[in-house]
Amino acid sequence: MTATSAAADAPARTLVRTGGPKEDSSWLEHVLGWTLVVVVAMFVTQVGWF
């Protein structure tokens, strides 16, 4: 990787954000994400899909 390609990638990395309240709340995002996975799995199991 050259210096110019690293400089070109820098603005793209700063734009990637989750839109949450803070960037340091990754544990909250993980908990909410896994909760959503479990709820969807329970719904699919009850409905009888798959």
Side-chain angles (χ1 to χ4, degrees):
M1 179 182 287
T2 63
T4 56
S5 66
D9 290 340
R13 281 191 217 132
T14 59
L15 293 177
V16 178
R17 303 239 169 126
T18 60
K22 295 181 191 174
E23 285 297 320
D24 61 347
S25 64
S26 63
W27 67 271
L28 180 61
E29 291 180 20
H30 281 99
V31 169
L32 292 175
W34 280 109
T35 304
L36 178 64
V37 167
V38 170
V39 167
V40 169
M42 290 170 55
F43 176 73
V44 168
T45 303
Q46 291 294 320
V47 170
W49 296 338
F50 298 114

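Computed from a predicted model, the values in this text were never measured in an experiment.
- Residues Val47 and Val39 do not share a hydrophobic cluster, clusters being chains of Ile/Leu/Val/Met/Phe/Trp/Tyr side chains in contact below 4.5 Å.
- Once rounded to the nearest 0.5 Å, the distance linking CG of Leu32 with CG of Leu36 reads 9.0 Å.
- Applying side-chain contact (heavy atoms from CB on, under 4.5 Å) to Met42 and the options Val38, Val40, Thr45 leaves one that passes, Val38.
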